[in-house]
Amino acid sequence: MDEGMRQIIGKEQIAARVRELGAQITRDYAGRNLNLVAVLKGSFLFLADLCREIQLPLTVDFLGISSYGDRTTTSGVIRITSDLTQPCNGKDVLVVEDIVDTGLTMRYLLDNLATRKPASLKVCTLLHKPSRARVKTPIDYLGFTVPDVFVIGYGLDYQGRYRNLPFIGVLDPPPAP
Ligand code: IMP
């Protein structure tokens with residue numbers, strides 16, 4: 001492991017939890033029209049692993065979102081930087097996110113996607129920081145709850161780096177907010 005970094009959730013722990021989530025989603029969405037909507041960039045590894053644990057026909061689409069810039073706390077100004085490539089009306093949309101922190105991004109996304117008339121709209125997030133919630137966010141499938149620390153790895157970045165780490169970690173010392 002790199003110096004200045006501490007692992008908090010290991011590779012095997014992530015894989016085991018992703019397998020459980022995939023099995024649960026497989027049960028819940030049997031016979032439905034499942035469309036995974038992954039939020040870029042942070043959820044790309046989670047999506048790749050999760051979709052292979054779902055034993056159902058499904059489609060995948062991507063939404064690019066930006067709110068952070070290079071800082072570690074949200075600017076609160078959320079922007080769609082790249083929209084879905086296919087309409088999602090009539091589909092069972094499951095939003096796949098890396099982390100719900102303040103909840104502002106997910107709230108914005110859910111409000112936006114709801115206007116497109118999906119048959120259903122649910123949320124699957126790998127991580128949740130409940131201590132930082134600023135708005136109430138419904139989470140239907142959750143990987144892990146994390147404390148109020150800035151996490152990196154398994155898709156999550158700090159200033160664009162660390163996404164390729166196979167585990168979830170924290171920088172030590174932590175980055176300035
Ligand atoms: P929210 O709008 O505050 O809930 O933030 C959601 C987005 O902020 C996530 O999709 C991440 O891209 C980013 N984010 C929030 N917390 C962290 C963190 O601890 N590490 C890396 N990215 C984070």
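Counting starts at 1 for both ligands and their atoms, in listed order.
Remark: Q7 CD to I9 CD1 distance equals 9.5 Å, nearest 0.5 Å.
Every residue two or more places apart in sequence or in another chain was checked for a side chain to side chain contact (heavy atoms under 4.5 Å, CB included) with T115, and none qualifies. Annotation: side-chain hydrogen bond (donor to acceptor under 3.5 Å, both in side chains) contacts of D98 (sequence neighbours excluded): none.
Counting heavy atoms under 4.0 Å from ligand 1, residue R132 does not touch it at all. Only the side chain of L156 comes within 4.0 Å of ligand 1, judged by heavy-atom distances. Heavy atoms of E97 found under 4.0 angstrom from ligand 1 belong exclusively to the side chain. In D157, the part holding a heavy atom less than 4.0 Å from any atom of ligand 1 is the backbone.
Of the N or O atoms in G103, one or more lie within a sub-3.5 Å distance of an N or O in ligand 1. On a distance-only criterion, V151 and ligand 1 share at least one N/O pair closer than 3.5 Å.
There is a path of hydrophobic side-chain contacts, each under 4.5 Å, that joins L156 to V96.
Between F150 and Y158, the ring planes are perpendicular. Angles over 60° get that label, and only those under 30° would be called parallel.
Formation of a donor-acceptor pair under 3.5 Å by the R17 side chain with backbone atoms of L142 is found in this model.
The shell of residues lying under 4.0 angstrom from ligand 1, judged by heavy atoms, excludes T137. Within the 4.0 Å heavy-atom cutoff, V39 does not count among the residues contacting ligand 1. Between K129 and ligand 1 there is a heavy-atom distance shorter than 4.0 Å. Under the 4.0 angstrom criterion for non-hydrogen atoms, G42 is not in contact with ligand 1.
In this structure, S43 and V39 approach most closely via the heavy-atom pair OG-O, 2.7 Å.
Heavy-atom proximity to T102, at under 4.0 Å, picks out these atoms of ligand 1: 1 (P), 2 (O), 3 (O), 4 (O). The contact set between ligand 1 and V149, taken as ligand atoms under 4.0 Å from a residue heavy atom, comprises 19 (O).
Look at R116 and D83 and you find a salt bridge, because one of the NZ, NE, NH1 or NH2 atoms lies within 4.0 Å of a carboxylate O, short of that distance.
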